[in-house]
S.K.: 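My structure is below; once you've seen it, I'll send some questions.
FYI, side chains are in, hydrogens and waters are out, and symmetry mates aren't considered; it's all heavy atoms of this structure. Protein chains get the first letters and strands the later ones, always in sequence-line order, with residue 1 at the start of each.
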There are 2 protein chains.
Amino acid sequence: VIRGENLVKIYWLGENMIRALDGVDFEICAGEKVAITGPSGSGKSTLMHIIGCLDLPDSGRLLLGGEDVSTYSENRLASVRNRRIGFVFQSFNLLPRLTALENVELPLLYAGNHDAKDRARQALETVGLGHRLHHEPAQLSGGQHQRVAIARALVTNPDIILADEPTGNLDSRAGEEVMALFDTLNAHGRTIVIVTHEQLVAQHCPRQLHIHDGKIR
Amino acid sequence: VIRGENLVKIYWLGENMIRALDGVDFEICAGEKVAITGPSGSGKSTLMHIIGCLDLPDSGRLLLGGEDVSTYSENRLASVRNRRIGFVFQSFNLLPRLTALENVELPLLYAGNHDAKDRARQALETVGLGHRLHHEPAQLSGGQHQRVAIARALVTNPDIILADEPTGNLDSRAGEEVMALFDTLNAHGRTIVIVTHEQLVAQHCPRQLHIHDGKIR
Ligand SMILES: Nc1ncnc2c1ncn2[C@@H]1O[C@H](COP(=O)(O)OP(=O)(O)OP(=O)(O)O)[C@@H](O)[C@H]1O
Ligand SMILES: Nc1ncnc2c1ncn2[C@@H]1O[C@H](COP(=O)(O)OP(=O)(O)OP(=O)(O)O)[C@@H](O)[C@H]1O
Ligand SMILES: [Mg+2]
Ligand SMILES: [Mg+2]
């Protein structure tokens, strides 16, 4: 369902050319659970942003369900991002002036849901934050931020879950609960892609893609 | 050298009272290496901010070298923070409009150093970022952010290093390099306090303080 063909992403800093992705090919089938591993700075987040339709490659193609997403209109891309994909960002990206509940509600409001508040509350209870609904990000611990970001990614019940280091700020028990949650979703047919630095999380996935200097090895 | 006596920290949200620290007593000797562990939301970062003189307890005392820091003037507190303590924040807290080099240079400029740029460059090379000196935070990966935050905490050569989850975004190799760096500093007499969710990091420390619901157990 997700296919990358010769993806290239280049950043320029003055005269320096940085090949964040240097020709990446891969295929992920519907319902798979895949881990992406690799050293810091190797291109994992860059790849996730392209798969998540948040960024375009400089060359190469990304295909979702066989269709080249670079042919999509801006509206169709936004709809894919909002309804088909749930993205857990490495740095969470919560809106600082909204409470946890309002942050998680937001994707449902965009999608036009009428029961957004109830579903958002449920998602936060699932990650153990039922007692923190009305806290703003500045009033939450690091691991609580991370769990709000996870709840927000899952609340729209997306087909594809992209999680960029979802357990980095969680103690082992909270981390296991999150992995169990992903397992349940995977058992229901959701496609799960997890970038992780944790061996236990990576080994938990049937398949692993290793990235090094912008290439898959 | 660091002593906490019955530290209490309370947050109010409307009528809800949150006991982030609920009477914490502990002592850390000069030159020790101590890990602080505990579930997400248990009060670890709150405790670190009080130890680092970034925050005051609501009751109880923090003593550095036997002196109650609540008796210090604002100037003396700032001087302690700048020269005696190096703090690695859980969410890095880099200044977004400065490059990596400028971010790391900043504490040295405050302290009046004339060789700030050279020392900052060296600190960044030590954490493997010699090739990223002129990138701003938005142009760095998550683990690169974390390593800039570590370099900044160490560049003033502080007596006390407080690291709040310093390896959460690092692959195992980069994480080991950071722990080796802390070991070297500890061998030279620096006091090291590390909040961590990683078992391997915690077991690496001769002593561990476990926090649960704002109390040490
Ligand atoms: N400004 C605030 N207002 C209200 N509650 C707060 C505030 N800051 C922190 N808290 C609460 O205090 C508790 C302790 O927070 P703290 O950041 O110390 O946890 P932690 O142990 O560092 O967690 P983590 O491992 O997730 O980083 C949390 O439950 C958090 O929700
Ligand atoms: N806007 C940018 N401008 C210049 N270089 C960039 C930019 N964004 C990312 N980079 C560089 O691209 C490389 C890949 O970044 P990316 O965030 O994908 O790494 P990563 O594998 O996710 O790392 P980590 O494990 O540390 O999160 C890094 O070396 C980074 O410095
Ligand atoms: Mg990353
Ligand atoms: Mg914390």
S.K.: Could you check whether atom CZ of A:Arg207 has more than 12 heavy atoms from other residues, nucleotides or ligands sitting under 6.0 Å from it?
M.R.: yes

S.K.: Scan A:His135, A:His131, A:Gln139 and name whichever one has a side chain to side chain contact (heavy atoms under 4.5 Å, CB included) with B:Ile18.
M.R.: A:His135

S.K.: Heavy-atom cut-off 4.5 Å, strictly under: side chain, backbone, both or neither for B:Ser40 against chain A?
M.R.: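 Answer is both: backbone and side chain atoms of B:Ser40 are under 4.5 Å from chain A.
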
S.K.: Do other residues, nucleotides or ligands put more than 12 heavy atoms under 6.0 Å from A:Gln122 CD?
M.R.: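 Counting neighbours around CD of A:Gln122, 12 or fewer heavy atoms of other residues, nucleotides or ligands fall under 6.0 Å, so no.
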
S.K.: For the atom pair OG (B:Ser172) and CD (A:Gln199), what is the distance rounded to the nearest 0.5 Å?
M.R.: 6.0 Å

S.K.: Between A:Ser141, A:Gly43, A:Ala174, which residue shows the highest count of heavy-atom pairs closer than 4.5 Å to chain B?
M.R.: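 Most heavy-atom pairs within the cutoff with chain B belong to A:Ser141.
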
S.K.: For the OH atom on B:Tyr110, are there more than 12 heavy atoms of other groups (residues, nucleotides or ligands in this structure) within a distance under 6.0 Å?
M.R.: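 Not more than 12 within 6.0 Å, no.
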
S.K.: Decide if atom CZ of B:Arg97 counts as having more than 12 heavy atoms of other residues, nucleotides or ligands within a radius under 6.0 Å.
M.R.: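 Open: at most 12 neighbouring heavy atoms sit under 6.0 Å from CZ of B:Arg97.
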
S.K.: Most heavy-atom pairs under 4.5 angstrom with chain A, which of B:His145, B:Arg147, B:His134?
M.R.: B:Arg147

S.K.: Taking all atoms of both residues into account, what is the closest heavy-atom pair of A:Asn169 and B:Gln90, and its distance?
M.R.: OD1-NE2, 3.0 Å

